[in-house]
Amino acid sequence: MAAPGGGHGDQADPPPTGGPGQPAWQPPWDPPAPDYPPPAYLPPGYPPMPPPWYGPPPGYGPPPGYGPPPGYGPPDYRVQAGTNGLAIASLITSFTGFFCCVIGSVVAIVLGVVALNQIKRTRQEGYGLAVTGIVIGVGTLVVFLVFAMFSIHSH
């Protein structure tokens with residue numbers, strides 16, 4: 001009859017140790033624990049951690065010059081006080097379109113469109129003035145063109 005562990009006669013299985021004075025078995029990836037001194041006592045709450053919504057502490061942000069390129073950062077919502085000057089100029093030049101016909105009307109339309117873009121970007125006042133300048137400029141330009149067409153046709 002065969003002996004347990006392989007059946008080689010009277011030979012017994014080798015002992016589970018790695019040799020005389022060595023521990024039983026350790027996985028090859030688990031290094032032996034070093035003999036570190038116990039950790040020093042730290043008072044509770046040390047180091048103090050700020051809440052996560054505070055952001056990084058001062059001096060730990062990105063270095064100067066490293067950030068989003070111009071025009072790609074968060075939008076600038078600072079409101080500039082007062083009425084947009086180009087909106088006022090658009091309204092005034094639209095009234096001069098009655099006297100100067102084409103020149104005043106075209107200048108009023110251009111100033112009104114530029115004023116609308118500035119008002120959208122800077123949140124200034126004057127939206128109504130710019131729209132009124134554009135509408136009056138277009139109206140006087142149309143009236144002048146119709147008048148010019150009838151005067152050319154009648155000759």
Practice item. Might you work through the side-chain contact (heavy atoms from CB on, under 4.5 Å) test for Ile134 and Leu116, ending with a clear yes or no? Key: CA-CA 10 Å; Ile134 292 171; Leu116 285 178; 3.7 Å; yes

Study note, to complete from the structure: Rounding to 0.5 Å, atoms OG1 (Thr140) and CZ (Phe99) come to a distance of 11.0 Å

Check your understanding: Taking everything shown except Leu145 itself, do over 12 heavy atoms lie less than 6.0 Å from its CG?
Key -> yes

Point to revise | Ser90 side chain vs Ala108 backbone, donor-acceptor pair below 3.5 Å | key: yes

**Study point:** Min side-chain heavy-atom separation Tyr127-Val131 under 4.5 Å
**Key:** yes

Practice item. Rounded to the nearest 0.5 Å, what's the gap from OG1 on Thr83 to CG on Leu91? Could you check? Key: 11.5 Å

Review point. Are Val142 and Phe147 in one and the same hydrophobic cluster, where Ile, Leu, Val, Met, Phe, Trp and Tyr link if side-chain heavy atoms are under 4.5 Å apart?
Key: no

Exercise for review: First locate atom CG of Leu141, then atom OG of Ser94, and finally report the distance between them rounded to the nearest 0.5 Å.
Suggested key: 12.0 Å

Check your understanding: Can you tell me how far CG of Asn117 sits from CG of Asn84, rounded to the nearest 0.5 angstrom?
Key -> 10.5 Å

**Study point:** Closest contact, heavy atoms only, Ala87 versus Gly126
**Key:** CB-O, 3.3 Å

Review point. Of the options Val114, Leu129, Val110, Val113, which is the one that meets Leu86 in a side chain to side chain contact (heavy atoms under 4.5 Å, CB included)?
Key: Val114

Point to revise | Val138 with Val146, same ILVMFWY side-chain cluster at under 4.5 Å | key: yes

Review point. Are Val135 and Val106 linked, directly or through other ILVMFWY residues, by side chains that come within less than 4.5 angstrom of each other?
Key: yes

Review point. What distance separates Ser151 OG from Phe144 CZ, expressed to the nearest 0.5 Å?
Key: 8.0 Å

Check your understanding: What's the spacing between Thr93 OG1 and Ile136 CD1 if we round to 0.5 Å?
Key -> 10.0 Å

